[in-house]
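Structure record follows, encoded as structure tokens.
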Protein chains: 2
Amino acid sequence: MTESVRPRNRRGEGARLRAEIVDAATALIDESGGDALTLRAVARRAGISAPSIYAHFDDLGAVADAVLARGFDELTAAITDATSAAEDPVDRVIAIGLAYVRFSRANPARYRFMFASDGYSPDAVRAYEVLRQAIADCVEAGRSSSEDPHLDTWMVWAALHGAATLEKPGRPELLRLGALDRPRLLADMIRRLARIAP
Amino acid sequence: MTESVRPRNRRGEGARLRAEIVDAATALIDESGGDALTLRAVARRAGISAPSIYAHFDDLGAVADAVLARGFDELTAAITDATSAAEDPVDRVIAIGLAYVRFSRANPARYRFMFASDGYSPDAVRAYEVLRQAIADCVEAGRSSSEDPHLDTWMVWAALHGAATLEKPGRPELLRLGALDRPRLLADMIRRLARIAP
DNA sequence: GCGCGTAAGCTAACATCTGTAAATCGAAAG
DNA sequence: CTTTCGATTTACAGATGTTAGCTTACGCGC
């Protein structure tokens, strides 16, 4: 159960443990959810002693914040990647939405943890701004009949967040959507909210 | 901090404590979130000793389940109330959606707790079925151009759930939607997803 | 090659909380 | 007065965040 003995970092490389702690905390949340995030569990997982964490973080909350920050960074990266991969503005909006839900499905526990934290990080808003721009581009290109991209972005965001949250790690799906073309379902949902004609 | 001494129940009325325990647990979650739900906190809040809970519940999980069950009952009740209050099928769908989000905004912490539990209770599906029927009614009345009410219901549900979850108890709103006509925003969102013409 | 400062991390201990088991008390009902 | 329900006190074994103090080994200056 315990990790094998961890070799001590070289001199000057002490900061490397910081990243390892965040790794451990992230893995912990991914595997067992936010409740499993305890200082001692993180330490066990990282192969260090609990007090060693205090050299790099003020307290457990600071570790959690670091996990959050990394999560939002990953989410933002996934979304910006999707953005730059598509040329057509409509494709771009769809790609963003799919990337969003894909992230949440790939990291369900962490996603929940991220959005269960008090007050979303400003990083969340960064991703939101990307979506907003993409929808505005659709309007400018005459592909969306949206009259208020701000509001419509909110709707799309809410719907994506709902789709992301509704599907749990646990198998028993709320609705029988198993045999369904999920990307198409999400794409339809986005198009309707962003007022993009099929 | 401790509640005043609770008078012991009469003989044969022992089951009344069960309800008081659920009351206490519910209040606890409403005020401080799911993490605050500990056996001892519930006992303090109910004005009893911790082991007294075992007379009515197998363990802490059973208490949590009872809170969940009550929550889903309340949600279902709010939704069926909204359903029967509206004559017009379109009004009905909108009313259901507004009732849903209203519930989540009235009980944010409990709502989160409910949907953070592993595997939604079948009660959630009951409420879903009401929405599905309402949308099907719109189609039958020629008010919705939905081609697959099942899928569209899923979309509406997801969007409502997202709208419900996106707004946190903590003040810092993700998006500046303060001065906005929220019911109208939600109604628009629902109409678009359920393919109901304005 | 050799100290030796210091970075990197450890062990021990604390106060407090947790869920739960066992045994017990007290008052109301018959 | 006795039974029995409704609850209590006590105790446990383990977990948690955090503090204080100690150890070890790396790498620079000599």
Side-chain angles (χ1 to χ4, degrees), chain A residues 1-29 31-68 113 117-118, chain B residues 1-29 31-68 113 117-118:
Chain A
M1 199 108 280
T2 21
E3 299 278 311
S4 55
V5 273
R6 200 191 79 100
R8 184 198 287 211
N9 278 321
R10 300 267 181 76
R11 275 210 157 187
E13 293 187 340
R16 232 165 63 180
L17 182 51
R18 202 200 125 92
E20 289 179 36
I21 290 171
V22 180
D23 287 347
T26 300
L28 224 50
I29 290 176
E31 290 165 16
S32 319
D35 290 352
L37 188 74
T38 74
L39 208 65
R40 296 172 120 104
V42 171
R44 273 192 297 270
R45 177 89 200 206
I48 59 173
S49 70
S52 296
I53 293 177
Y54 286 93
H56 300 279
F57 297 91
D58 280 351
D59 52 17
L60 180 61
V63 178
D65 288 347
V67 175
L68 283 177
F113 181 73
S117 71
D118 314 304
Chain B
M1 198 108 279
T2 21
E3 297 279 310
S4 55
V5 272
R6 200 192 79 100
R8 181 196 291 213
N9 277 323
R10 300 269 180 74
R11 274 203 159 192
E13 292 188 339
R16 230 165 64 179
L17 182 52
R18 203 199 125 94
E20 290 179 34
I21 290 169
V22 180
D23 287 347
T26 301
L28 223 49
I29 292 176
E31 289 166 15
S32 320
D35 289 351
L37 189 74
T38 74
L39 209 64
R40 295 173 119 102
V42 171
R44 272 192 298 269
R45 178 88 201 207
I48 59 174
S49 71
S52 297
I53 292 177
Y54 285 96
H56 300 278
F57 298 91
D58 281 351
D59 54 16
L60 180 62
V63 178
D65 288 346
V67 175
L68 283 177
F113 181 73
S117 72
D118 315 305

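The sequence lines fix the lettering, A, B, ..., with proteins before strands; numbering per chain opens at 1.
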Inset, instruction - Return the value, rounded to whole Å, for the distance between atom CG of B:L17 and atom C1' of D:dA7. - result: 9 Å
Inset, instruction - Can you sort out the partners of B:D65 under side chain to side chain donor-acceptor pair (under 3.5 Å), two or more places apart, ordered by chain and number? - result: none
Inset, instruction - Might you point out which heavy atoms bring B:F113 and B:A64 nearest each other, and give the distance in Å? - result: CZ-CB, 4.0 Å
Inset, instruction - Using the test salt bridge (Lys or Arg N to Asp or Glu O under 4.0 Å), find all partners of A:D59 that sit at least two apart in sequence or belong to another chain. - result: none
Legend entry - Contacts of B:L39 that satisfy side chain to side chain contact (heavy atoms under 4.5 Å, CB included) - sequence neighbours left out: B:I53, B:Y54, B:L60
Legend entry - Rounded interatomic separation in angstrom, taking NE2 from A:H56 and C1' from C:dG9: 9 Å
Inset, instruction - Name all pairs fulfilling the side chain to side chain donor-acceptor pair (under 3.5 Å) condition that reach into residues 31-41 of chain B, sequence neighbours left out, sorted by first residue then second. - result: B:E31-B:R45
Legend entry - Value rounded to 0.5 Å, distance of CG in B:L28 from CG in B:D23: 12.0 Å
Inset, instruction - Calculate the interatomic distance between B:R18 atom CZ and D:dA7 atom P; express it in whole Å. - result: 14 Å
Inset, instruction - Considering just the side-chain nitrogens and oxygens of B:S52, establish if one lies under 4.0 Å of OP1 or OP2 belonging to D:dT8. - result: yes
Would you list the protein and nucleotides 23-25 of chain D atom pairs, both N or O, that sit under 3.5 Å from each other?
residue, atom, partner, partner atom, Å
D:dT24, O2, A:R8, NH1, 2.8
D:dT24, O2, A:R8, NH2, 2.8

Inset, instruction - Quickly work out the B:D35 CG to C:dC17 P distance and round it to whole Å. - result: 16 Å
Please tabulate the protein-to-nucleotide N/O contacts below 3.5 Å involving nucleotides 15-19 of chain D, giving atom names and distances.
residue, atom, partner, partner atom, Å
D:dT16, OP1, A:T38, OG1, 3.3
D:dG17, OP1, A:L39, N, 2.9
D:dG17, OP2, A:L39, N, 2.9
D:dG17, OP2, A:R40, N, 3.3
D:dG17, N7, A:R40, NH1, 2.4
D:dG17, O6, A:R40, NH1, 2.9
D:dT18, OP2, A:Y54, OH, 2.8
D:dT18, OP2, A:L60, N, 3.3
D:dT18, O5', A:Y54, OH, 2.8

Inset, instruction - With side chain to side chain contact (heavy atoms under 4.5 Å, CB included) as the test, would you mind laying out the steps for A:I21 and A:R18 before giving the verdict? - result: CA-CA 5 Å; A:I21 290 171; A:R18 202 200 125 92; 5.7 Å; no
Legend entry - Minimal non-hydrogen separation, B:F57 against B:A66, with atom names: CE2-CB, 3.9 Å
Inset, instruction - Figure out the CD/C1' separation between A:E20 and C:dA8, and round it to whole Å. - result: 12 Å
Inset, instruction - Please report, rounded to the nearest Å, how far the C1' atom of C:dG19 is from the CD1 atom of B:I53. - result: 10 Å
